[in-house]
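Notes follow once the structure below has been shown.
First the proteins, then the strands, lettered A, B, ... as listed; each starts at 1.
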Protein chains: 2
Amino acid sequence: MPKLLVVDDDLDMLALVRAALEKDGHQVDTETDSTTVQPARCHLYDLLLLDVMMPVEDGFSLCSRIRAEVDCPILFLTAKAEDAALVQGFGLGADDYIKKPFSIAELRARVNAHLRREVRQPTHTLSQGGVRFDMQAKVAIAGEHTLPFTKGEYAICEHLVLHAGQVFTKEQLYEAVFGFDAEGDSSAVAEHIKNIRAKLKAGGLSPIETVWGVGYKWRKDSVR
Amino acid sequence: MPKLLVVDDDLDMLALVRAALEKDGHQVDTETDSTTVQPARCHLYDLLLLDVMMPVEDGFSLCSRIRAEVDCPILFLTAKAEDAALVQGFGLGADDYIKKPFSIAELRARVNAHLRREVRQPTHTLSQGGVRFDMQAKVAIAGEHTLPFTKGEYAICEHLVLHAGQVFTKEQLYEAVFGFDAEGDSSAVAEHIKNIRAKLKAGGLSPIETVWGVGYKWRKDSVR
DNA sequence: AGCCATTTTTAAGGAATTTATAAGGAAGAG
DNA sequence: CTCTTCCTTATAAATTCCTTAAAAATGGCT
């Protein structure tokens, strides 16, 4: 289920856009104040819809603030119809520029077209609990910093995140990650978990829960 | 240099569009009769611009004929402003729908935005981490000097840079660069990496990171 | 509440694995 | 033949993984 963020100071517009996009089965988060949008949080979304004219920080400023951090499509949604503004918007790295008044049908068509192209390209990153895993680069990124996981630590995290919310015993984890099932795996896994938690905690995160008597699980992001 | 195909029965429009896109340094091919467009030939292009209303076969028909064959962005360029047509266009797999009359600035901005998203770089030079690779001349240049890479060293670098940010095991690297997979490749690759790093270090650069337990990767510039 | 058994967490050290470096020889080009 | 390039081998250095053992926490029990 694609996850979208819409930023607009106009509540009526937000409601309208949300209703339109939820018709297509998307999960829509909204924000009325662009200054509260954190670049590091944006990688949680598959697509961003930004209003241009907003009181404190306008959409262009917001876009330039976050474009370096996120790779997903950014669409402007605006009443500014002048060519100069449109060119400026695309120049900031935007992927579309939808002029108001727009029809709901057009909005949905354009959003879906951008999402469709994203899906076509092999996605090799996944985010959970504020951590983004790049399976090609083999790195985990929390906010600004990349977490210095070792190979084994990264593998355990990746497996937990891929099955977020599911509990694994230490033995299951060892087997899933390292293949075979040795003797003292449980202690080894416990040691890894300790180190992983320490590194996550340095980034202010603690997404790994202990299920007493059973094992560990990565807390799944709540689906609002 | 990106290669574009524009299909329109209106010669004036074709000239206008061609002039606009060539300003951005693109190579523009044109076609006036959509029926002569062969799906198999479309692979040559990085982006297609289709007029909707054409006498024999309209743009929608053409799009549905070729969409399965080509993955590149398809943009409609049309006077049909109705929502239904727009939705139909996107439904056929199009990536944008530009309504006439459009400004040259908007056309250029949209075309460039779509090209920017394309992974395949038609250019034969690329820069990463302060090193510029000329894939035609097979030379790497850092600042003033050309780096004295051997053929194998250059090949490894080029592959790493082409997939900057992605980790490769020594075996993967050997196979990707030299074709087959022999016995002691890993040591050979390690040796190459050592020499490459020495030569890069002479220029004050060290873009190759080792991911312990996995392999090597070229650090990706975080510039868009 | 207090105590005990079990489980988890933490800590530290050594074993094992992986990478870096260096030197020598085989193969091919000029 | 000479030189460069490439690969192999050997050794040193670095990092990670696992084991062991003790401390802390949890849940159940009286």
Q) Looking only at heavy atoms, what is the nearest atom pair of H26(B) and V111(B), with distance? A) CE1-CG1, 4.3 Å

Grab the [atom1]-[atom2] distance between [X] and [N] for me, whole Å please.
{"X": "K199(B)", "N": "dT21(C)", "atom1": "NZ", "atom2": "P", "result": "15 Å"}
{"X": "E171(B)", "N": "dC7(D)", "atom1": "CD", "atom2": "P", "result": "14 Å"}
{"X": "F178(A)", "N": "dT16(D)", "atom1": "CZ", "atom2": "P", "result": "13 Å"}
{"X": "F149(A)", "N": "dT15(D)", "atom1": "CZ", "atom2": "P", "result": "18 Å"}
{"X": "E153(A)", "N": "dT16(D)", "atom1": "CD", "atom2": "P", "result": "8 Å"}
{"X": "I208(B)", "N": "dT21(C)", "atom1": "CD1", "atom2": "P", "result": "12 Å"}
{"X": "Y174(A)", "N": "dT16(D)", "atom1": "OH", "atom2": "P", "result": "16 Å"}
{"X": "I156(A)", "N": "dT16(D)", "atom1": "CD1", "atom2": "C1'", "result": "12 Å"}

Q.
Between R110(B) (side chain only) and F90(A) (backbone N and O only), is there a donor and an acceptor less than 3.5 Å apart?
A. no

Q) Y154(A): what forms a side chain to side chain donor-acceptor pair (under 3.5 Å) with it, not counting sequence neighbours? A) E158(A)

Q.
Judged by each residue's nearest nucleotide on DNA chain D, which is more toward the 5′ side, T150(A) or G152(B)?
A. G152(B)

Q.
By the definition side chain to side chain contact (heavy atoms under 4.5 Å, CB included), identify the one residue from L4(A), L62(A), V6(A), I66(A) that meets it with L48(A).
A. I66(A)

Q. Will you find, in the side chains of D46(B) and H114(B), an N or O donor that is under 3.5 Å from an N or O acceptor?
A. no

**Q.** Residue pair R197(A) / T210(A), side-chain donor-acceptor N/O under 3.5 Å
**A.** yes

Q: Tell me, yes or no, whether the heavy-atom count around R41(B) atom CZ, taken from other residues, nucleotides or ligands under 6.0 Å, exceeds 12.
A: no

**Q.** More than 12 heavy atoms from other groups under 6.0 Å of CZ on R18(B)
**A.** yes

(Q) When you measure from the side-chain N and O atoms of H192(A) to the phosphate of dT16(D), is any distance below 4.0 Å, counting only OP1 and OP2? (A) no

Q.
Can you build the contact string for nucleotides 2-12 of chain C? Use B for base contact, S for sugar-phosphate-only contact, and - for no protein heavy atom under 4.0 Å.
A. ----BSSBBBB

Q.
Need the bend value for the helix from dA1(C)-dT30(D) to dG24(C)-dC7(D): angle between end axes, 5 pairs each end, nearest 10°.
A. 30°

Q. Do the side chains of V189(B) and E171(B) get nearer than 4.5 Å, heavy atoms only?
A. no

